[in-house]
Every structure is written in C-alpha cells, then in structure tokens.
Amino acid sequence: MAVFTRGFGGRRPDSERPVPPGQYLTDDFPVLSIGPTPNVDTSTWQLTIRTEEGAEHRWDWAALQALPAEDVTVDIHCVTRWSKQDTHWRGVPVDAFFADVETAAEYVVAHSFGGYTTNLPLDDLLDGRAWVVTEYEGEPLEPLHGGPVRLLVPHLYLWKSAKWLRALTLHLDDEPGFWEQNGYHLYGDPWSEQRYG
Amino acid sequence: MSSWHAAQVVRTEPLAASARVLTLAVPGFAGALAGQHVDVRLTAPDGYQAVRSYSLARVGRDEVVELAVDEVRGGEVSPYLVHEARPGDRMEVRGPLGGYFVWRPHDGGAVQLVAGGSGIVPLAAMARARAAAPTSDAPFRLLAAVRTPADAFFAKELDSTEGLTTTWLYSREAPPASTRPPGRLTLDDVTAHAFAPDVGARVYVCGPTGFVEAAAALLVDAGHDAARIRTERFGGV
Amino acid sequence: MDPAPLDGNSLAGPLAGLFATDVTLVTGRCAHCGDVSVLAACVVYRHPMGAVARCRACTAVLLVVVEHPAGTRVGMPGLAWWQGPAGSTRTGAVGD
Ligand SMILES: Cc1cc2nc3c(=O)[nH]c(=O)nc-3n(C[C@H](O)[C@H](O)[C@H](O)COP(=O)(O)OP(=O)(O)OC[C@H]3O[C@@H](n4cnc5c(N)ncnc54)[C@H](O)[C@@H]3O)c2cc1C
C-alpha cells in the first residue's frame with residue numbers, strides 16, 4: 001500500500017536515455033558521507049598496491065602525474081537511487097598500476113583515508129573499465145567528492161568507487177568491505193539491481 | 001512506534017519569513033514527549049522516496065502531528081513542505097522518536113534552552129509542555145539565535161509563555177531598539193542571559209550542526225557541566 | 001566545508017524497526033578509546049545507505065544501521081559492550 005505525495009517530485013530532470021532499473025536522474029552531485037572529510041595533502045599522498053604475498057608497489061603524487069592520464073565521460077549510478085549522466089573525469093586507467101604487479105589473486109579491497117573499504121573483483125578494475133581519477137568537470141577533484149584521488153568504476157554502483165583512495169590490496173578470497181559487511185551486495189551491478197546482499 | 005503511519009495534511013499556516021507550520025492527521029500516532037521528532041517520508045508519483053526528520057512543535061494531542069519547517073534553499077524536501085504541500089496531501093510518518101532529547105513535566109529543576117534558527121521547534125514544544133503542566137514550577141530560560149526579527153518562530157507566544165524567559169539574539173539584522181549589534185552567539189551572550197552554571201540547569205541545545213557545536217562549546221567555556229548538556233543537531237554543511 | 005553530522009537521537013527512527021524499546025537510551029563503551037556514553041549522544045552521519053554512528057571522543061565507528069529490505073541490520077564494529085537503562089534488568093530498581 002503506497003502513500004503517494006501529490007506535488008512532490010524531488011529535484012529530478014526527466015530521463016531521455018535508459019537508466020538502470022529503480023534509478024532516478026539528477027543534475028546535482030549529492031555529497032554523501034560516513035564521517036568527517038579526510039584532509040589529504042598531495043605532498044604526502046601515496047597509493048600502495050599490496051599483493052597477497054605482501055609485495056608492495058607505491059606511487060606518490062609525482063609518480064601519479066607521470067602516468068598517462070585520459071579524459072573519461074561516463075554515467076554514474078548511486079545505490080541510493082540517483083544516476084547522473086555524462087560526467088567528465090580525468091585519470092589514469094587502473095591497468096597502468098598493475099603493469100608490474102605479479103599476482104594470482106582475483107579480488108581487490110580498495111582502502112580510503114578515513115578507514116572506508118570496498119571490495120571488487122580484480123578483472124573489474126582492468127581492461128580500461130576503471131580509473132584512478134584526480135579531476136572532475138575540468139577541476140581538481142574536491143575533497144568532498146573524494147579528492148585529491150578517488151577510484152572510478154562507473155559500471156558498478158558508486159559505493160565501489162572509493163573516495164580518498166590510499167591503497168588497493170589483493171586477496172585470494174572476496175573480502176567484504178564497509179557497506180558489503182553491512183548488507184550491501186558483494187558485486188553491485190546497477191543494471192541487474194544488485195543493491196543488497 | 002516502529003512502523004510508518006499514513007498522514008494527511010489538515011492545515012498549513014505561515015510562521016516566519018521562510019517557514020510554516022504544518023498540521024498532519026496521523027491515525028495511530030500517540031504518546032509523544034516534548035523534544036521528540038518524527039521521520040517524514042514522501043513518495044513521488046513515480047515511486048521516488050525521500051525521508052527527513054522533523055521535530056514535534058507541540059505535544060499532548062494524540063493522532064495529530066504539528067511540524068514547523070524552515071526552507072533550506074535548494075533542498076529536496078523542505079521547499080516542498082513550505083511552499084507546495086496543502087490540505088489533503090498525503091505522506092507517511094514514523095514516530096514519535098527519541099527518548100533522550102526530551103523534557104518530561106515531572107523532571108524537576110531549572111531548564112536552559114538554546115536554539116539556533118529552526119532548532120527552536122523542539123524547545124518550543126518543551127516550553128509549551130511546561131506551560132501546560134500546572135504542577136511544574138521549573139524555571140525555563142530560552143536563548144534563541146535567529147537571523148532577523150522576521151525569522152523568529154512563535155515570537156509572540158514565547159515572549160509571554162508562563163514560567164519562561166526568552167532572549168532573542170539576532171545574527172544579521174536586529175530590531176531598531178536593540179542595543180546588541182547583530183552577530184553570532186558569544187560567551188558574553190551566554191553569561192548575560194543563560195542561567196549561571198551553579199544553578200545546575202539541564203541544558204538543551206538545538207539547531208544546525210555548526211550552531212549546536214559552537215553553542216555547546218560556549219556553554220562549557222561558561223562553566224556548564226558538559227554532562228548536563230543535551231544536543232540535537234539538525235544537519236547542514 | 002565538512003559534511004555535518006547529527007546526534008545519536010536521530011538513530012531512533014532507523015532503529016525503531018528492530019527493538020521494542022528506545023535503543024538510543026542504552027549506554028555503550030567504545031572498543032577503541034573506552035569512552036562511555038548513551039547512544040543518543042554519539043555523532044551520527046546519516047548516509048542514505050545507512051546511518052553511521054561514531055564515538056564522540058575518538059570518532060571510531062561504533063555502529064552501522066542499514067534499513068535493509070529484509071529487515072533492519074545493525075553492524076557493531078566498535079562497541080565493547082551495551083548496557084540498558086537503569087530499571088531495565090531483573091534485579092534493577094524501579095526507574096523511569
Ligand atoms: C532530529 C532532527 C529534527 C529536525 N527538526 C527540524 C524541524 O523541526 N524543522 C526544520 O525545519 N528542520 C528540522 N530538521 C532538519 C530537516 O530534517 C532537514 O534536514 C531540512 O529540512 C533540510 O531538508 P531538505 O530535504 O530540504 O534539504 P536537503 O536536500 O537534504 O539538503 C540540501 C542542502 O542543504 C543542507 N542542509 C540540510 N539540512 C540543513 C539544515 N538544517 N540547515 C542548513 N543546511 C542544511 C544540506 O547539507 C545540503 O547541502 C531536523 C533534523 C533532525 C536530524
């Protein structure tokens with residue numbers, strides 16, 4: 001028994017192209033947070049990839065800038081039911097970071113400054129399907145949206161695109177991250193509405 | 001208290017420059033305490049939903065919910081409630097909620113209320129509950145910070161409520177007769193108008209998160225026991 | 001600008017589907033720093049995926065409340081213990 005509210009429409013434009021089931025378009029970029037915004041300085045920022053064997057690979061800000069970046073235009077989908085079309089980002093394909101990483105692991109946990117984590121299959125980060133991004137709409141990525149550096153995995157719900165990215169750790173088993181431990185889907189494909197686990 | 005109740009708007013009244021009172025009929029809603037809130041759920045015709053919390057502006061009547069909502073510009077829900085909702089419109093309500101930020105008529109002792117903007121809503125409910133409880137002789141004081149005189153909720157009533165002393169503090173624009181220049185709440189305001197710490201008043205602070213954190217810190221600086229200060233943050237960046 | 005958190009009071013709604021009493025009145029101890037407070041006094045970030053309650057003293061995550069369609073789910077990554085209000089036990093005195 002649904003109770004509808006006359007005249008209430010939220011702030012949504014109409015959808016012209018298909019959006020994933022149960023999603024609504026927005027022109028805003030809502031800021032959703034689970035804690036204080038981490039204050040991450042590019043002069044001390046590092047990205048670490050740690051393999052299941054414990055081998056570590058590190059990039060500081062200068063090393064990140066030296067990698068080939070590209071412009072990316074994608075639609076993003078948040079499990080809280082908003083989608084945003086044609087968002088513009090600039091970043092380095094995750095493939096570039098894995099070029100010299102030896103691993104037999106199939107799973108990754110992305111770690112953020114501030115303690116957030118989320119899990120993904122390694123394959124979903126490769127083949128040009130995911131980026132380590134530093135710019136949004138032509139500007140340096142704001143701290144509120146995960147700056148200076150966040151992950152962008154647009155084919156999965158946006159909680160997989162960890163803000164304030166600090167490390168990627170490799171695992172033989174799929175280890176649930178922050179939301180996944182609390183009832184959200186391990187994979188999170190918006191087109192099959194994999195919201196909850 | 002755990003499930004959603006169907007609610008219907010029965011009355012709307014202008015309240016202040018950008019705010020209004022909404023009265024909802026909510027069958028099954030009962031037993032609210034002053035200071036409690038409800039969660040309100042709106043569902044658009046296409047199924048899109050939004051949930052926000054609103055304090056009860058008045059308690060004591062079952063099956064009726066009275067809200068006082070201030071418009072947050074560009075917000076998703078408050079502009080709808082302030083400008084669009086009209087009698088007959090339907091929504092859902094969960095509550096009454098929260099047993100911590102409450103005042104009960106048999107709670108003895110002095111009470112200091114500190115409000116920023118719409119944070120006055122649950123505190124007005126407490127002052128109204130105090131006035132409606134003939135047995136209570138608890139002295140109440142209210143420090144209410146507002147932008148301009150036009151933003152003061154329930155001003156006439158709160159200036160003449162039995163047992164309550166109200167001080168309005170203006171942050172942007174004060175009335176001509178006022179001697180205090182407009183500005184944020186200061187330590188001097190707290191020492192001049194709030195109960196002295198040795199009175200041992202229970203303190204309730206409510207408003208936008210930034211206001212609540214600043215006011216609570218000033219109260220502690222003024223010597224109030226942090227353990228007697230209860231807060232209700234309304235949010236905002 | 002930091003996103004602004006709320007108080008533990010605001011968890012009363014999300015938790016209403018799970019407990020018969022008002023859980024925001026229970027006292028908890030932070031497993032990280034040892035701070036003891038009622039749940040209503042902790043700091044809450046109301047993310048639409050779930051409410052995240054943090055210790056008011058050290059900001060460690062105490063509790064995560066997800067309104068899952070299969071039922072409300074509460075993760076407690078940071079609570080050493082929870083204690084009900086006085087008068088809530090078999091041996092307790094009459095309280096209010
Ligand atoms: C326990 C509780 C009780 C509350 N009681 C009342 C009440 O009695 N009356 C009332 O008017 N409001 C009350 N609020 C605030 C209310 O829940 C909403 O946050 C507010 O109406 C804004 O909702 P929105 O959908 O319009 O804005 P949103 O679309 O949620 O937000 C739009 C923008 O405004 C900012 N914002 C959100 N809330 C505020 C705020 N309070 N002040 C300033 N900026 C803000 C957001 O960060 C965002 O940037 C209460 C909140 C809580 C937690």
Side-chain angles (χ1 to χ4, degrees), chain B residues 1-5 31-33 35-41 48-56 72 76-77 92-102 104-108 116 119 122 204-214 216 226-237, chain C residues 1-28 35-54 56-57 59 65-69 71-74 82-88 94-96:
Chain B
M1 73 175 201
S2 68
S3 58
W4 293 97
H5 299 282
L33 301 170
Q36 286 190 300
H37 65 277
V38 293
D39 286 349
V40 174
R41 179 161 77 182
Y48 178 82
Q49 291 189 325
V51 178
R52 295 292 184 277
S53 300
Y54 291 97
S55 302
L56 299 166
V72 171
E76 192 171 46
V77 171
E92 289 162 291
V93 161
R94 176 168 69 183
L97 298 170
Y100 180 71
F101 194 81
V102 297
R104 295 176 173 84
H106 61 80
D107 289 343
Y204 297 85
V205 186
C206 186
T209 296
F211 173 85
V212 168
E213 291 177 353
R228 297 189 71 80
I229 302 174
R230 296 190 177 199
T231 56
E232 179 102 285
R233 293 168 171 90
F234 272 9
V237 278
Chain C
M1 261 189 314
D2 241 25
L6 310 174
D7 292 280
N9 305 320
S10 66
L11 287 177
L15 285 171
L18 188 61
F19 299 96
T21 74
D22 181 356
V23 202
T24 62
L25 295 179
V26 304
T27 301
D35 183 62
V36 172
S37 84
V38 292
L39 184 54
C42 70
V43 177
V44 170
Y45 289 81
R46 216 174 200 191
H47 194 294
M49 289 175 74
V52 177
R54 291 179 178 268
R56 59 181 183 173
T59 78
V65 183
V66 171
E67 297 192 59
H68 193 288
T72 303
R73 173 132 154 197
V74 183
W82 257 19
Q83 185 167 37
S88 65
V94 179
D96 68 344

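Remember, predicted model here, so these are calculated numbers, not experimental data. Below, chain A is the first sequence line, B the second, and so on; all start at residue 1.
- Applying the side chain to side chain contact (heavy atoms under 4.5 Å, CB included) test to B:Ala226 and every residue at least two apart in sequence or in another chain returns B:Val220.
- With sequence neighbours excluded, no residue satisfies ring pair (Phe, Tyr, Trp, His ring centres under 6.0 Å) with B:Phe211.
- By the 4.5 Å heavy-atom criterion applied to side chains, B:Tyr100 and C:Asp22 are not counted as neighbours.
- At a 4.5 Å heavy-atom cutoff, C:Pro48 makes no contact with chain B through either its backbone or its side chain.
- Residue with the most contacts toward chain B among C:Val44, C:Leu25, C:Leu11: C:Leu25 (heavy-atom pairs, distance under 4.5 Å).
- Counting heavy atoms from C-beta outward, B:Arg94 and B:Arg41 have side chains that stay 4.5 Å or more apart.
- Of the two parts of B:Gln36, neither the backbone nor the side chain holds a non-hydrogen atom closer than 4.5 Å to a non-hydrogen atom of chain C.
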